Protein chains: 2
Amino acid sequence: MSRPPAAREKILDAYCDLLRRDGERAATMDSTAALAGVSKGGLLYHFKSKDALAEAVVERLLAAAERDQAVMATAEEGASRYFVRTSLQSGSDLDTTYSAVVRLAAGAYEPAVRALDTVHRGWLELIQREVGDPHAAGAIMLMGEGLYYHSTLPGTWSRGTFVESLDELLRQVDRLKSGS
Amino acid sequence: MSRPPAAREKILDAYCDLLRRDGERAATMDSTAALAGVSKGGLLYHFKSKDALAEAVVERLLAAAERDQAVMATAEEGASRYFVRTSLQSGSDLDTTYSAVVRLAAGAYEPAVRALDTVHRGWLELIQREVGDPHAAGAIMLMGEGLYYHSTLPGTWSRGTFVESLDELLRQVDRLKSGS
DNA sequence: GTCTATATCTCGATAGAC
DNA sequence: GTCTATCGAGATATAGAC
């Protein structure tokens, strides 16, 4: 359990935040360094290139997703409800990193695309294990992903709408789970 | 019904394609002009700035969505099935433009965010009109949006998975529709 | 209406001081 | 381990020829 330098983590946090909030275009090394409170030279000591930064974010996602899926697999409410409920952005480490990787994938960065594949497979697998019917499981996963998609678009009406009705949405999940 | 110059449309097509396939970063004026088969000067005759390009894409989305929602409102299969079915990228004008605007919104471009709000409200409204129960309608909309989200991520496993099971997914839509 | 040439700015990355 | 200074590439945008 080596403890990575605090500066390194601050830089990664800043890069993920910029990706999530302002998009790939705004997530430059200059603005990342500024937000992290270090100079460009300081940043480049920890990450030799921009690719190295992106790589580190992808690794962070895979680690966070593995931890989260361990929790999801044993959640009392069941994997489906856990998944849909936590698809709303809450500011957790997984949220932020996942959103950042989605932005990287949107920029056609291959390692990000592959990492998302892995994470998505894991989620569907866990939901299927609980639900049984693979198509009901697929529908539940899509609901969660739709919720994520809406919660990640900057400042929209839909986020508020769906946040307010989360309880009722979870009851729709129950309907998909039961029978058929 | 003024007919806009062919070059202008080709430029917009190229810009949308680049945004969708390669992200905001890659969608530069240089590469847009190259893909459209015009020079940078030619591009700048039709669009005085990059912002003007983005604006035109947003307007195109609003027009395409209005046309599509008119079809959706009277679709024989019902608005819900129509919506979920067409959430899979098919290469239609609406698909391409919507994806492009989502990328612009991810870059925190406010007019894109507002346009998406408008379009999303319209979709949910039409689904609710068919389904009755607003929460079932919300769940159906989220399924469609999840499907869109997966189909727009470049080259993933999930796209294939959900494409293959579209018929069964539509039956899950029916389950959500029928009696709460 | 479309092109070339060019000015200006910002990004990513290197070099070297401290 | 962190900083400043600076270079080359690529981005937006302007000017003006055809």
Side-chain angles (χ1 to χ4, degrees), chain A residues 2-59 100-101 103-112, chain B residues 2-58 60 100-101 103-112:
Chain A
S2 68
R3 165 174 327 178
R8 209 188 122 99
E9 293 303 303
K10 282 196 67 165
I11 290 167
L12 270 184
D13 288 345
Y15 183 56
C16 287
D17 268 5
L18 282 169
L19 275 173
R20 183 180 54 80
R21 283 207 323 260
D22 302 329
E24 358 155 28
R25 197 119 204 210
T28 66
M29 305 194 85
D30 265 307
S31 50
T32 300
L35 185 59
V38 300
S39 70
K40 226 196 304 195
L43 190 163
L44 280 157
Y45 170 79
H46 293 287
F47 301 96
K48 280 175 291 298
S49 71
K50 208 178 181 203
D51 251 53
L53 247 182
E55 243 178 85
V57 173
V58 168
E59 278 166 32
V101 172
R103 298 290 153 95
L104 291 175
Y109 176 61
E110 268 303 315
Chain B
S2 67
R3 166 175 326 179
R8 209 188 122 99
E9 293 302 302
K10 282 196 66 166
I11 290 166
L12 270 183
D13 287 344
Y15 183 56
C16 287
D17 268 5
L18 282 168
L19 276 173
R20 184 180 52 83
R21 284 209 322 261
D22 301 329
E24 356 156 28
R25 199 120 205 211
T28 66
M29 305 195 84
D30 264 308
S31 50
T32 299
L35 185 60
V38 299
S39 71
K40 225 192 307 195
L43 190 162
L44 281 156
Y45 170 78
H46 293 286
F47 302 95
K48 280 175 289 299
S49 71
K50 210 178 179 203
D51 250 52
L53 248 182
E55 240 179 86
V57 173
V58 167
R60 206 194 226 198
V101 173
R103 296 291 154 94
L104 290 175
Y109 177 62
E110 268 303 314

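All values reported here derive from a predicted model rather than from experimental measurement. Per chain, numbering begins at 1; letters A, B, ... match sequence-line order.
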* Asked: In terms of the nearest nucleotide of DNA chain C, which residue is placed more toward the 5' end: A/S31 or A/K48?
  -> A/S31

* To do: Could you check whether B/T28 gets within reach of a base, just the sugar-phosphate, or nothing at all, counting any heavy atom under 4.0 Å?
  => sugar-phosphate

* Whole-Å distance between D/dT2 P and A/L43 CG? -> 11 Å

* 5'-most by nearest nucleotide on DNA chain C - A/D51 or B/G42 -> B/G42

* To do: Give the rounded distance in Å between these two atoms: NZ of A/K40 and P of C/dC11.
  => 8 Å

* Using whole Å, report how far CD of B/E24 lies from C1' of D/dT12. => 16 Å

* B/F47 CZ - D/dT14 P separation (whole Å) -> 16 Å

* Asked: Would you say a side-chain N or O of A/Y45 is under 4.0 Å from OP1 or OP2 of D/dG1?
  -> yes

* Asked: Do A/R25 side-chain atoms and B/R25 backbone N/O form a donor-acceptor pair below 3.5 Å?
  -> no

* Asked: Does A/E24 use its side chain to pair, donor to acceptor, with the backbone of B/E24 at less than 3.5 Å?
  -> yes

* Asked: Looking across every strand, which nucleic acid part, if any, lies under 4.0 Å from B/L44 by heavy atom: base, sugar-phosphate, or nothing?
  -> base

* Nearest whole angstrom, please: distance from the P of C/dT6 to the CE of B/M29. => 20 Å

* **Side chain proximity check, A/Y45 to A/V38, heavy atoms < 4.5 angstrom** => no

* Structure fact -> Checking D/dT12, C/dT4, D/dC3 against the side chain of B/K50 (C-beta onward), the nearest is D/dT12

* Salt-bridge present (B/E55, B/K50; N to O < 4.0 Å) -> no

* Can you check the B/L18 CG to D/dT12 C1' distance for me, whole Å? -> 16 Å

* **Euclidean distance, atom CD of residue B/E9 to atom C1' of C/dG1 [Å, nearest integer]** => 16 Å

* Asked: Between A/V38 and A/R25, who's closer to the 5' end of DNA chain D by nearest nucleotide?
  -> A/V38

* To do: For residues B/L44 and B/M29, determine if any side-chain heavy atom of one lies less than 4.5 Å from a side-chain heavy atom of the other.
  => yes

* Once you round it to whole Å, what is the distance between C1' of D/dA11 and CG of A/D30? -> 15 Å

